[in-house]
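Here's the structure, in structure tokens; my notes come after.
Remember, it's a predicted structure, so these values are computed and weren't measured experimentally. When a ligand or atom number is given, it counts from 1 through the structure's own listing order.
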Amino acid sequence: MPEGRSVDGDPVELIDGHAHLEEVPNLELELELAKKNNVRAIIAVGSDEGSNQAVLNISRRHSNYVFPALGLHPWNLSDDFDAAVRSIEENIENCIALGEVGLDFKYQTPRELQLKAFGRVLDLALRHDKPLIIHSRWAWREALELVKKAGVGRAVFHWYSGPPDILREILAQGYYVSATPAAEFSEAHRAALKEVPLERLLLETDSPVKYRGVAATPSQVIKTLKAVARLKEVDEAEVAKVTTENAIRLFELKI
Ligand SMILES: [Zn+2]
């Protein structure tokens, strides 16, 4: 059976649920490659005003293939993030989610500033009914509590590597978790993914993040698929089918 085919012969279609496309070198070529490798759609996440504009432009050029999420990343925050928030709101009808957003208590951005910015994002998500793509490194508890308290209904905890008790609460709330190619080697990420039912899992690459020194591209979401299938001892075609359905449902993709 050729690789990338399911038992009944249909191509195994994948969705890269999280990629920083504006940072990917040779992007047009990489998007062609992704299509050839059965990547059916890509969620392009922004991090600040500039990258949000860039992902909107890329998604316009590749409509129905690249879907934009507008973000305010805790690593990209400056004291004055008002303009970035305003710009997200102006373009909010054109995005499928708010992301990458969240908290990172290992990063140098002051916590108070991160919490303020995340509060504004939560407010936008509620008023415009958008799902969140959440970065929560070393701030898992705080991120979950804030999302819960705000009453946000739809969220994915990207690359979750936090404690199992918080993970159980994330799942009990009905939120999703996304797997990256670090599912091959990161013990914390692998432990979390073992606990996440397939019905709550998305696949992603976080391109162009480097894994063991190699920069990821969207077509490498196949690596995430293979690692997850091995880890969970589930057929690759089944993991692909369910995670693709999950992404379509969570982001209400019209594809
Ligand atoms: Zn990211």
ang(OD1 Asp206, the Zn ion (ligand 1), NE2 His18) rounded to 10° is 90°

Item to complete: Evaluate the ring planes of Phe157 and Tyr160, with Trp represented by its six-membered ring, and classify them as parallel (under 30°), tilted (30 to 60°) or perpendicular (over 60°).
Response: perpendicular

Discussion item. I'd like to know if the Zn ion (ligand 1) has an N/O/S atom from His20 within less than 2.8 Å of it, counting both backbone and side-chain atoms.
Written reply: yes

**Message:** As a quick check of understanding, evaluate side-chain hydrogen bond (donor to acceptor under 3.5 Å, both in side chains) for Asp16 and Thr205, giving each step before the final call.
**Reply:** CA-CA 6 Å; Asp16 183 353; Thr205 61; 2.6 Å; yes

Looking at Glu100, the N, O or S atom sitting nearest the Zn ion (ligand 1) is OE1

TODO: Find out whether the Lys NZ or Arg CZ of Arg137 is both under 6.0 angstrom from the six-membered ring centre of Tyr107 and within 45° of the ring's axis.
DONE: no

>> Any N/O/S atom from His158 (main chain or side chain) under 2.8 Å of the Zn ion (ligand 1)?
In response: no

Centroid separation Trp159 to Tyr211 less than 6.0 Å: yes

